[in-house]
Amino acid sequence: MTRPATPTDAPIVAQLIILAMGQILAGKFANSNDPEVIHALFTRFAGLKGNQYSYENIILWEEDSAVCGMIIAYDGAELDTLRDPFLNYTRAELGFTGTLEDETQSGEYYIDCLAVLPQYQGKGIAKGLIKALFDTAAKLGHHTVGLLVSKGNDKAQKLYTGLGFQVVGEKGLLGGRHYHLQKQL
């Protein structure tokens, strides 16, 4: 069952964001390899309004009152507005010095992160979250949903192409190369 995230979901959302990104990329943002520092960073922003990792942009999947997975998505035209609070904080407070490429753009409802806890994987939860997101995007008047998949992450790419996404190009992000996929609603 899906539901919107709330500020009190921030700790589990942070865990899922880190799972989606991978410890290395999440650590780049936190400018640390310390799991507690990384988790605290994403917990902070998941509980706040007006940023790309905000609970406002998150749909959760629950089973037996336990959060099993989440998807974060927002209007690509809002990328800079949503990213700036996070980047300003990480630069000022944590010493992040990376330069981020634009991962999305206007005209695309962008899936930033998708993750399912390992013990719940293989049960169709990711597909359920994506389908719920399609409904949300359509209700908001969007016609295109997009995302990035790391090159070499064949399992994720297969999931997305199986749901109708098509590769439309490539993008770089913090030194990694990614396929840019889109689906027309």
Side-chain angles (χ1 to χ4, degrees), residues 2 4-5 13-26 28-29 42 45-46 51-61 67-84 86-87 98-118 120-185:
T2 61
V13 166
Q15 181 182 343
L16 288 159
I17 290 170
I18 296 163
L19 179 63
M21 277 188 193
Q23 193 77 22
I24 293 171
L25 179 57
K28 285 182 183 181
F29 287 120
F42 288 101
F45 281 91
N51 72 86
Q52 72 189 104
Y53 303 113
S54 172
Y55 67 91
E56 298 170 302
N57 303 319
I58 299 173
I59 299 170
L60 298 177
W61 187 284
V67 173
C68 311
M70 64 92 201
I71 192 166
I72 301 175
Y74 45 81
D75 184 341
E78 300 294 319
L79 176 63
D80 289 338
T81 302
L82 293 172
R83 187 163 65 181
D84 283 350
F86 180 77
L87 289 180
T99 302
L100 285 179
E101 301 88 341
D102 286 345
E103 53 198 286
T104 184
Q105 69 275 330
S106 181
E108 178 177 81
Y109 200 70
Y110 181 68
I111 299 175
D112 190 298
C113 289
L114 170 66
V116 176
L117 292 172
Y120 295 101
Q121 291 177 3
K123 297 181 177 186
I125 293 171
K127 284 182 183 176
L129 284 163
I130 294 165
K131 289 176 181 176
L133 181 80
F134 291 161
D135 291 343
T136 299
K139 285 177 189 169
L140 293 171
H142 293 278
H143 303 288
T144 304
V145 175
L147 56 94
L148 298 184
V149 174
S150 299
K151 284 190 164 188
N153 189 347
D154 297 336
K155 184 178 177 185
Q157 189 170 347
K158 184 178 177 183
L159 168 71
Y160 294 121
T161 56
L163 289 167
F165 284 87
Q166 296 179 332
V167 176
V168 295
E170 292 184 20
K171 290 187 181 249
L173 186 64
L174 283 177
R177 294 300 301 169
H178 306 271
Y179 291 113
H180 182 201
L181 283 74
Q182 288 185 331
K183 175 180 171 64
Q184 302 304 312
L185 299 178

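Only a predicted model underlies this, so the values are computations on that prediction, with no experimental measurement involved. The chain is numbered in sequence order, starting from 1.
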Original post:
Could you go step by step and tell me if E108 and Q182 meet the side-chain contact (heavy atoms from CB on, under 4.5 Å) rule?
Top reply: CA-CA 8 Å; E108 178 177 81; Q182 288 185 331; 2.7 Å; yes
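- Applying the ring-ring contact (aromatic ring centres under 6.0 Å, His included) test between F45 and each of F29, Y53, F86, Y55 identifies F86 as the sole match.
- Residues L117 and V67 form no side-chain contact, since every pair of their non-hydrogen atoms from C-beta on lies 4.5 Å or further apart.
- Residues D112 and N57 have side chains not in contact (no heavy-atom distance under 4.5 Å, counting atoms from C-beta outward).
- In this structure, OG1 in T161 is found 9.5 Å from CD in Q166, a value given to the nearest 0.5 Å.
- Atom OG1 of T2 and atom CD1 of I125 lie 11.5 Å apart (nearest 0.5 Å).
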For residues 129-153, which side-chain donor-acceptor pairs fall under 3.5 Å, sequence neighbours excluded?
from : atom 1 : to   : atom 2 : distance (Å)
T136 : OG1    : A132 : O      : 3.2
T144 : OG1    : Q184 : OE1    : 2.8
T144 : OG1    : Q184 : NE2    : 3.4
S150 : OG     : H178 : ND1    : 3.3
K151 : NZ     : E170 : OE1    : 2.9
K151 : NZ     : E170 : OE2    : 2.9
N153 : OD1    : A156 : N      : 3.2

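- Closest non-hydrogen pair, F165 versus K183, comes out as CD2-N, 3.6 Å.
- Annotation for W61 and G128: closest pair CZ3-CA, 3.6 Å, computed over non-hydrogen atoms.
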**OP:** Verify side-chain contact (heavy atoms from CB on, under 4.5 Å) between L82 and N51, making sure each step is shown before the conclusion.
**Re:** CA-CA 4 Å; L82 293 172; N51 72 86; 5.5 Å; no
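- A donor-acceptor pair under 3.5 Å is absent between the side-chain atoms of Q52 and the main chain of L79, judged by distance alone.
- Residues satisfying the salt bridge (charged side-chain N to carboxylate O under 4.0 Å, His left out) criterion with D154, sequence neighbours excluded, are absent altogether.
- Across every non-hydrogen atom of P118 and L19, the tightest pair is CD-CD2, 4.1 Å.
- Taking the side chain as every heavy atom from C-beta outward, T104 and R83 never approach each other to under 4.5 Å.
- Residue R177 holds its CZ atom at 10.0 Å from NZ of K171, rounded to the nearest 0.5 Å.
- The salt bridge (charged side-chain N to carboxylate O under 4.0 Å, His left out) check on E56 picks up nothing, with sequence neighbours excluded.
- Of the residues L60, L114, I58, L16, the one that meets the side chain to side chain contact (heavy atoms under 4.5 Å, CB included) test with I71 is L114.
- Distance check: Y110 OH to Q105 CD gives 10.0 Å after rounding to the nearest 0.5 Å.
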